[in-house]
Structure formats: C-alpha cells, structure tokens
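For reference, the structure discussed in these notes is given below.
The residues of the chain are indexed from 1 along the displayed sequence.
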Amino acid sequence: MKTIRTGTLLLLALAAAGLAAAACQGEQPSLAPAATELKPPEPKAPAAAAFAIDRAGSKVELVMDAPQEKIRGRIAGAAAGTLQVDPADVTRTTGLITVDLSTIELFQTAVGDDGKPGEEKKSDLQNQHARTWLEISKDTPDDVRAKNEKAQFAIRSISTSGEKDLSKLSGAERTVTVTASGDLLLHQRQSPRTVELVATFRYEGDRPASVTVKTAKPFPVGLAEHDVRPREAFGKLAQKTLEVLSPKVAKEAMVTLELTATAGAAPTAPAAAADGGAR
C-alpha cells in the first residue's frame, strides 16, 4: 500500500510540474533565436539573373485584428534587395528582401459598444507606442535602433506545382505561383517562414526584364516570438502584457507585400546596415 501511495504522489508531482511548465510557456512564449542580419543566399544556378528591387514602388502592409480594435499598418517605399532568378527553373530562385521599418504608419478602427466598427483613424500616440514596442523610438540608442529598423526575409528555397520553366509560357507577361521558404528577421529575432507568392514576369523579346511579386495571401508574424511586446520606454517593459491587451491588440500581424524588381539594375540602398550576421 505504501508503494502505491508513493507512486501516486510521484505521478501527481509530475503532473503538477507539467502544468506549471505549460503555464509558464503560456505567459512567456518561446523567443526565436537572436540574429542581427541575414546573409544573402547564394544563387542556385549559374544562369541565375539578378533582379534589383525597386524601393520606391514597394509596399508592405499588415493587419492586426483584435475583438475591440483593428490595426492596419503600412510601410511604403521601404523594401530593397536582390532576387536571383533562373528563368529556366524558377524553383532555383533565391533572394534577400530588406524592409526599413522606420516609416511604418498605423491606423486603428475601434469597435463601439454596439459591436460596429467606427471610422479608421491615425493615432500619433499609437504610432509612438508601436515604435517603443519595436525599440525604434527616439530614446533607443542609435546602434540598437539601426538594427531593429531592419526587417528581412531570406528566400532559400522555392517550390511550385505549376510550370517551372518560363520559356514554356507565352506572352509578354508570364505568371507563376510559388511557395517561398526561408528565414524572417524581425526585432533581432530570426524565425523560419513560408510565404505563398505570385510572380509576374514581364518579357522584352526572349528575356524577362522585370518581375512583380505579391503575396498570394497574408502570412502571420507572431509578436511574442520576436520579442515585440508592450514597453513604456527603451529597456522598460510595461506592466500590461500582450495577454492583458489581447482584446485590443492582436498577438500576431498578418502581413502582405508587393514589389517590383528589374533585371540587371543596380540594387537600391537597403535599410540601415547592422553589424554581425546569421546564417
């Protein structure tokens, strides 16, 4: 009987420990590994052509949809980088996209007591809070702010269920839908990411002159995973956590992007450079 009681107590202790660990994980989700910069992936084909992203024409948008408030963000004219494309096999495409977050603008739509959304407005205070959460506010040290203002997506592999060889398609515009897998860098945290993209190549003669790339659907970015959380000032966390604010602030952002890249053009200047690197 004593053995049974001891075993029972042991099982209860293990169960309690498991519940405690799960509770802690709920309060403090696992952070993505630290990183300061992603290196451009190597071209996968000798015939790959470099397409330079037109920064001015780029557009990144995000939506954070919470029960009491919807937040819409936009970052216009802030993406730069290079795509390495093999027209004979688009699955051998690689690339690095860098976005400067310093120009981010947020707009909010609050839900009234009647459950109906109100008018979308831009709040200067909310935009200030966003910069504090991202640690790109004015009180952030210059070297830290320069690193945090840089978000990157490194395209390391491409897959598609459609045609891979652009020469087998016809017309001045040739569109392929692909799945891009790679790494996302945000707030000096690096996480794996898979994004569905629609790429439309514009041909001049028998060669692609440019490509427009759009997300086929929004992809999620978790705030806690990238240590984007309520802060009162640089280095000072707010008392209210993401869990507490979740009725008003969503825990993830749904992101879309659109950009155009030109073959043979010199790459536009990326966001502020940071020291160090990853992968």
For [X], give me all partners under side chain to side chain donor-acceptor pair (under 3.5 Å), at least two apart in sequence or on another chain.
| X | value |
| --- | --- |
| H129 | none |
| R131 | none |
| K121 | none |
| D139 | S137 |

Sequence neighbours excluded, which residues qualify as side-chain contact (heavy atoms from CB on, under 4.5 Å) partners of [X]?
| X | value |
| --- | --- |
| P87 | L166, Y203, P208 |
| A47 | D86 |
| A50 | T82, Q84 |
| T241 | E243, V244 |

Any residue meeting salt bridge (Lys or Arg N to Asp or Glu O under 4.0 Å) with D113, in chain and number order, not counting sequence neighbours:
none
For F234, the other hydrophobic cluster members (4.5 Å side-chain criterion, sorted by chain and number) are V144
I104 and L62: CA distance, side-chain angles, deciding distance, side chain to side chain contact (heavy atoms under 4.5 Å, CB included) verdict
CA-CA 10 Å; I104 187 172; L62 62 91; 4.1 Å; yes
What distance do [X] atom [atom1] and [Y] atom [atom2] have between them, rounded to the nearest 0.5 Å?
| X | Y | atom1 | atom2 | value |
| --- | --- | --- | --- | --- |
| L197 | I158 | CG | CD1 | 6.5 Å |
| L134 | L186 | CG | CG | 6.5 Å |
| K147 | T140 | NZ | OG1 | 13.0 Å |
| L259 | D54 | CG | CG | 9.0 Å |
| L184 | I97 | CG | CD1 | 10.5 Å |
| E149 | T98 | CD | OG1 | 13.0 Å |

Would a hydrophobic clustering, with Ile, Leu, Val, Met, Phe, Trp and Tyr connected at side-chain separations under 4.5 Å, put V249 with L237?
no
Single-linkage hydrophobic cluster L169~V198, side-chain heavy atoms < 4.5 angstrom
no
Just by modelled atom types, is the [Y] backbone N or O under 3.5 Å from a matching donor or acceptor in the [X] side chain?
| X | Y | answer |
| --- | --- | --- |
| H226 | H187 | no |
| S58 | A79 | yes |
| Q188 | T36 | no |
| T160 | T177 | yes |
| D183 | Q190 | no |
| R72 | F107 | no |

Do NZ/NE/NH1/NH2 and the carboxylate oxygens of [X] and [Y] come within less than 4.0 Å?
| X | Y | answer |
| --- | --- | --- |
| R193 | E225 | yes |
| R231 | D227 | yes |
| E61 | R74 | no |
| D89 | K44 | no |
| R145 | D143 | no |

Taking every non-hydrogen atom, the tightest pair across [X] and [Y]:
| X | Y | answer |
| --- | --- | --- |
| V111 | P67 | CG2-O, 3.6 Å |
| A66 | A250 | CB-N, 3.7 Å |
| S159 | T91 | CA-CG2, 4.3 Å |
| G235 | E135 | N-OE2, 4.1 Å |
| T194 | S181 | OG1-OG, 3.4 Å |
| R189 | L31 | NH2-CD1, 3.7 Å |

Determine, stepwise, if the pair K122 / N127 fulfils side chain to side chain contact (heavy atoms under 4.5 Å, CB included).
CA-CA 8 Å; K122 180 180 178 180; N127 277 270; 3.8 Å; yes
Heavy atoms, side chains only, cut-off 4.5 Å: are [X] and [Y] in contact?
| X | Y | answer |
| --- | --- | --- |
| L38 | L96 | yes |
| M254 | M64 | no |
| K70 | V63 | yes |
| F201 | V176 | yes |

Donor-acceptor pair between E69 and Q126 side chains, under 3.5 angstrom:
yes
Quiz question: by atom type and distance under 3.5 Å, do the side chains of T212 and T260 form a donor-acceptor pair?
yes
In sequence, state the C-alpha distance, the side-chain angles, and the governing distance for E119 and T109, and then conclude on side chain to side chain contact (heavy atoms under 4.5 Å, CB included).
CA-CA 6 Å; E119 180 184 357; T109 302; over 6 Å; no
If you look only at pairs with a residue in residues 158-175, which of them pass as a salt bridge (charged side-chain N to carboxylate O under 4.0 Å, His left out), with sequence neighbours excluded?
E173-R202
Among V99, T103, T256, which one satisfies side chain to side chain contact (heavy atoms under 4.5 Å, CB included) with V60?
V99
Can you check side chain to side chain contact (heavy atoms under 4.5 Å, CB included) on L83 and T94, steps first, answer last?
CA-CA 6 Å; L83 306 176; T94 58; over 6 Å; no
In residues 214-223, what donor-acceptor pairs under 3.5 Å come from side-chain atoms, sequence neighbours left out?
unit_1	atom_1	unit_2	atom_2	d
T215	OG1	L257	N	3.2
K217	NZ	E196	OE2	3.4

